[in-house]
Participant: 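This structure is in structure tokens; I'll ask about it shortly.
As the structure lists them, so they are numbered: ligands from 1, and atoms in each ligand from 1. Just so you know, residue 1 is the first one in the sequence shown, and it goes up from there.
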Amino acid sequence: MIGPRAVFLVGFMGVGKSTAGRALARILGWDFVDLDERIVEREGRGVASIFAEAGERYFRRVEGEVLAALRGRERMVVACGGGTYALREHRVLIDSMGAAIWIQLPIEEALRRCGAGADRPMFRGPAEARALYERRLPSYRAARLQVDAEGLAPEQVAERIAALLVPGGPA
Ligand code: S3P
């Protein structure tokens with residue numbers, strides 16, 4: 001049992017970080033922040049456009065700035081993007097701000113949930129996605145907590161996470 005100031009949901013595309021995050025925030029009575037949404041608001045263009053027009057490096061820089069702007073906030077659930085916790089600098093920042101929670105799902109189920117991946121520039125077909133997942137696994141495994149989401153709806157995942165947390169305690 002832990003009592004973090006803030007929790008950051010991490011894990012591959014399609015595992016339900018945003019939906020579970022929203023539900024978790026509701027259960028805990030905490031604020032909810034969707035990192036991708038913040039990036040889109042700040043940039044005034046969609047994630048796919050940012051990647052197409054400015055590239056992944058630029059996207060990651062903005063992602064880091066948006067993350068850093070959350071420093072000091074408490075009682076907050078943050079849904080990260082699939083690549084956020086895979087980047088060392090972002091990982092260090094997240095670990096200094098609260099507890100990372102890996103929503104774990106077999107890659108096949110995550111791929112099914114991604115569908116055609118129209119809005120996901122890092123989804124370049126099933127084979128590439130599998131390889132990307134393998135590369136990211138060591139980072140995801142470094143998360144402080146893990147939750148097995150196989151066969152669960154995002155709301156059930158949120159309940160499972162809430163049961164692991166003691167809100168308000170020391171990080
Ligand atoms: C990305 C995942 C996306 C979004 C961007 C990059 C990734 O978020 O941040 O397209 O690198 O895996 P979701 O995991 O919510 O799809």
Participant: Run the salt-bridge test on Glu109 and Arg113 with the 4.0 Å N-O cut-off and return the result as yes or no.
Facilitator: yes
Participant: Looking only at distance, does Gly82 have an N or O less than 3.5 Å from an N or O of ligand 1?
Facilitator: yes
Participant: Establish, from distance only, whether the side-chain atoms of Tyr133 and Glu128 form a donor-acceptor pair under 3.5 Å.
Facilitator: no
Participant: Any atoms of ligand 1 less than 4.0 Å from a non-hydrogen atom of Arg136? List them with their elements.
Facilitator: 7 (C), 11 (O), 12 (O)
Participant: Report the part of Met122 in contact with ligand 1, treating N, CA, C, O as backbone and CB onward as side chain, heavy atoms under 4.0 Å; options are side chain, backbone, both, neither.
Facilitator: side chain
Participant: Answer with yes or no whether Phe59 contacts ligand 1, where contact means a heavy atom under 4.0 Å from a ligand atom.
Facilitator: yes
Participant: Per the side-chain contact (heavy atoms from CB on, under 4.5 Å) rule, which among Leu67, Ile50, Asp34 passes with Ile39?
Facilitator: Ile50
Participant: Kindly confirm or rule out an N or O of Lys17 lying under 3.5 angstrom from an N or O of ligand 1.
Facilitator: yes
Participant: Which residue holds the protein heavy atom closest to atom 16 (O) of ligand 1, what is that atom called, and what is the gap in Å?
Facilitator: Arg120 NE, 2.7 Å
Participant: Would you call Asp148 and Arg160 a side-chain contact if the rule is heavy atoms closer than 4.5 Å?
Facilitator: yes
Participant: Taking the minimum heavy-atom distance to atom 9 (O) of ligand 1, which of Ile50, Leu9, Asp34, Asp36 ranks first?
Facilitator: Asp36
Participant: Looking only at atom types and distance, does a side-chain atom of Arg91 sit under 3.5 Å from a main-chain N or O of Tyr85, one as donor and one as acceptor?
Facilitator: yes
Participant: Salt bridge or not for Glu89 and Arg60, using N-O below 4.0 Å?
Facilitator: no
Participant: If the plane angle is over 60° it's perpendicular, under 30° parallel, otherwise tilted; pick one for Tyr140 and Phe12.
Facilitator: perpendicular
Participant: How does Arg60 reach ligand 1, if at all, at less than 4.0 Å between non-hydrogen atoms: by side chain, backbone, both, or neither?
Facilitator: side chain
Participant: When you measure from the heavy atoms of Arg113 to every atom of ligand 1, does any distance fall below 4.0 Å?
Facilitator: no
Participant: I'd like to know if Asp31 and Arg73 make a salt bridge, using a cut-off of under 4.0 Å between side-chain N and carboxylate O.
Facilitator: yes
Participant: Going by the order shown, which atoms of ligand 1 are within less than 4.0 Å of some heavy atom of Val47?
Facilitator: 5 (C), 10 (O)
Participant: Provide the number and element of each atom of ligand 1 under 4.0 Å from a heavy atom of Pro121.
Facilitator: 10 (O)
